[in-house]
Amino acid sequence: MILPSPLRVRFAPSPTGYLHVGGARTALFNWLLARKHGGQFLLRIEDTDKARSTDDSTRAIFEGMTWLGLDWDEDVVYQGANLLRHQADAYRLLETGHAYRDFTSPAQLEAWRAEAEAAKLPFKVDRAKVILPRDVEAAKLAAGEPFAIRFKVPDGTTEWMDLVHGRIAFPNKDIEDFVILRSDGTPLYNHAVVSDDIAMGVTLVMRGDDHISNTPKQILIYEALGARLPVFGHLPMIHGTDGKKLSKRHGATAVADWQHQGILPSAMVNFLALLGWSPGGDLEVMLRDELIGRFDPDGLLKKAAVFDPKKLEWMNGQHLSRLPIAEVEPPVTRGIVAAGFASEAELAARRDWYHRLLDLLRVRARTVDDIVRQAEPYLRAEIAVPDDLWAGLAKDAEATRSALTAARGALVALPDAQWHDGAAMEAALRAAAEGIGLAAGKLFTPLRTVLTGSKVSPGITDVVAMLGRDRSLARVDAALARLPGAP
RNA sequence: GGCCCCAUCGUCUAUCGGUUAGGACGCGACCCUUUCAAGGUCGAGAGACGGGUUCGAUUCCCGUUGGGGCUACCA
């Protein structure tokens, strides 16, 4: 399918909560399309529903978009600011005979609806009852009675070539004459959207497929207004692990939740892109630019996808390892500072060392938090060996003592020049173990435990090198002194 | 109920009539190995069902079933 030119797409969330991963995915696909083809990506806040819209939500959307790196072009459009145009468009439809005044009270409508439901019949407003004779209408109008403006759905069929689904058609007889302007003068969703999309020059509308049944109504409005139709594309939904529509019950559904759980924007974007789209081959891990380069509407899927947090974490681990260090540093630093392990200034003061540490830790981490947690022993002066690990060491105090003593001796004897020579240090430690008839692992393990307070860490020589001689020896000495039977 | 959309391993997906139905996550085993990751090898694991069309259907058509969406003077 050929894309419109100029290409102007938009993301139009209503600010009633947080930036949901589903919304983020919709925004991402629009953004990808615009960035790939040199189009414009616009942002419109649909704050028409004052009761549900809040400034906090609007801010959350901006923050989420910014975090993900989805920058928008031109000024943000606030739907609420376009009230006058929405009204003018509605009245234009009234004047051109594409809509009519409806003086029916909400209570009456409700009664009709209940009636139809009782009779198990599909409800549609009855034009014969609603459209009044000219003189009656004039009288009500003169009396100042409130009325809504209802769109007059013509006979026929409304269809379009959907960017992802191909041809979709709705018989117009199944579409009710719908209200476009409330009796209080405010527009309804379908009307405001079309009015705004026309005004913004949007040429391609890509949104969730929960909007498929809104599309024929919107197309009818475009046509009645004499506007050029945009291309429509409807993206599949995102579901939770239980196959149901993704919601709060599934835990983290806001992009900010993932941000706080140590997910990188780069990974989030990559993961989201693969939900409902495929580059066609076996590609999985793609950085931003590659995503833009490969994105193609032909790869858009029709089937709803399940959001799998496990795969997101794996994806994050991949990005953590592959991204330039400059991109993983900021969030890790924030975490370290927040945890109180070090100050930003302290880290900046030994930047090379810090980056070496990050390189060592990121390969075995899946989240930013994993790195922060593992960085603790290298940043703090003192460490505490957890009780259960200490118990393991103390159980055979003599073996532990001789292993630590041998390791200590090897480290003390290691020339400064070899301190950062992993192979030399390893040889020295292995020789020390052999010297007391121990397998090397039996020496590395207790050493690791007393140096890091953990049973997992980078290779032992890297640990020692990162810690430095003084701190390493101090930790060994502290453990030696604490061992049962110590002098 | 009516209308619309959808349907390949548990999950994300490849396949654009002919494949031992491929890859990834997760799971299991093994290798590497000083731990944990990472990496490597291997394994279990899928075309919802029924009809057509065709020499041949996962692929095209119809139906069934099962999911989902909409059905407001909500967005």
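Chain identifiers are assigned alphabetically (A, B, ...) following the order of the sequence lines, protein sequences preceding nucleic acid strands; residue numbering begins at 1 within each chain. Heavy-atom basis, side chains included; hydrogens, waters and symmetry copies ignored.
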Who pairs with B/C16 - Watson-Crick or G-U, where each distance is under 3.5 Å
none
Below 3.5 Å between N/O atoms, which protein atoms pair up with nucleotides 12-15 of chain B? Just atom names and distances, please.
from: B/C12; atom 1: OP1; to: A/V306; atom 2: N; distance (Å): 2.9
from: B/C12; atom 1: O2'; to: A/L274; atom 2: O; distance (Å): 3.1
from: B/C12; atom 1: O2; to: A/K311; atom 2: NZ; distance (Å): 3.4
from: B/U13; atom 1: OP1; to: A/G276; atom 2: N; distance (Å): 2.8
from: B/A14; atom 1: O3'; to: A/G280; atom 2: O; distance (Å): 3.1
from: B/A14; atom 1: O2'; to: A/G280; atom 2: O; distance (Å): 3.4

Is there a donor in the side chain of A/R364 and an acceptor in the side chain of A/S321, or the other way round, less than 3.5 Å apart?
no
Pairing nucleotide - B/A7, Watson-Crick or G-U, each distance under 3.5 Å:
B/U65
Expressed as a whole number of Å, how far does the P atom of B/A21 sit from that of B/G47?
12 Å
Roughly how many Å is it from CG in A/L188 to P in B/C70, rounded to a whole number?
16 Å
Every protein N/O within reach of nucleotides 3-5 of chain B N/O, cut-off under 3.5 Å:
from: B/C5; atom 1: O3'; to: A/H165; atom 2: ND1; distance (Å): 2.9

Side-chain atoms of residues 263-271 of chain A: list all donor-acceptor pairs with protein atoms under 3.5 Å, sequence neighbours left out, distances to 0.1 Å.
from: A/S266; atom 1: OG; to: A/H319; atom 2: ND1; distance (Å): 2.5
from: A/N270; atom 1: OD1; to: A/M286; atom 2: N; distance (Å): 2.7
from: A/N270; atom 1: OD1; to: A/H319; atom 2: NE2; distance (Å): 2.8
from: A/N270; atom 1: ND2; to: A/E284; atom 2: O; distance (Å): 3.0

Atom C1', compared across B/U8 and B/G22: separation rounded to whole Å:
12 Å
5'-most by nearest nucleotide on RNA chain B - A/K310 or A/L181:
A/K310
Tested for side-chain contact (heavy atoms from CB on, under 4.5 Å) against A/W72, the lone hit among A/L43, A/L42, A/N30 is A/L43
Ring centres under 6.0 angstrom apart (A/F29, A/F295):
yes
Rounded off to whole Å, could you give me the NZ-to-P distance for the A/K217 and B/U71 pair?
6 Å
What integer distance in Å separates A/F11:CZ from B/A75:C1'?
13 Å
Could you tell me how the ring of A/W160 sits relative to the ring of A/F170: parallel (under 30°), tilted (30 to 60°) or perpendicular (over 60°)?
parallel
Tabulate atom names and distances for all N/O pairs under 3.5 angstrom spanning the protein and nucleotides 59-67 of chain B.
none

Pairing partner of B/A57 (Watson-Crick or G-U wobble, both distances under 3.5 Å):
none
Sorted by number, residues from residues 103-112 of chain A placing a heavy atom under 4.0 Å from RNA chain B are A/T104, A/L109
Answer for the Watson-Crick or wobble partner of B/C70, both distances under 3.5 Å, is B/G2
Reading nucleotides 28-41 of chain B from 5' to 3' and marking B where a protein heavy atom lies under 4.0 Å of the base, S where only the sugar-phosphate is that close, and - otherwise, the string is ------BBBBSS--
Taking any strand in view, what nucleotide pairs with B/A37 in a Watson-Crick or G-U wobble way, both distances under 3.5 Å?
none
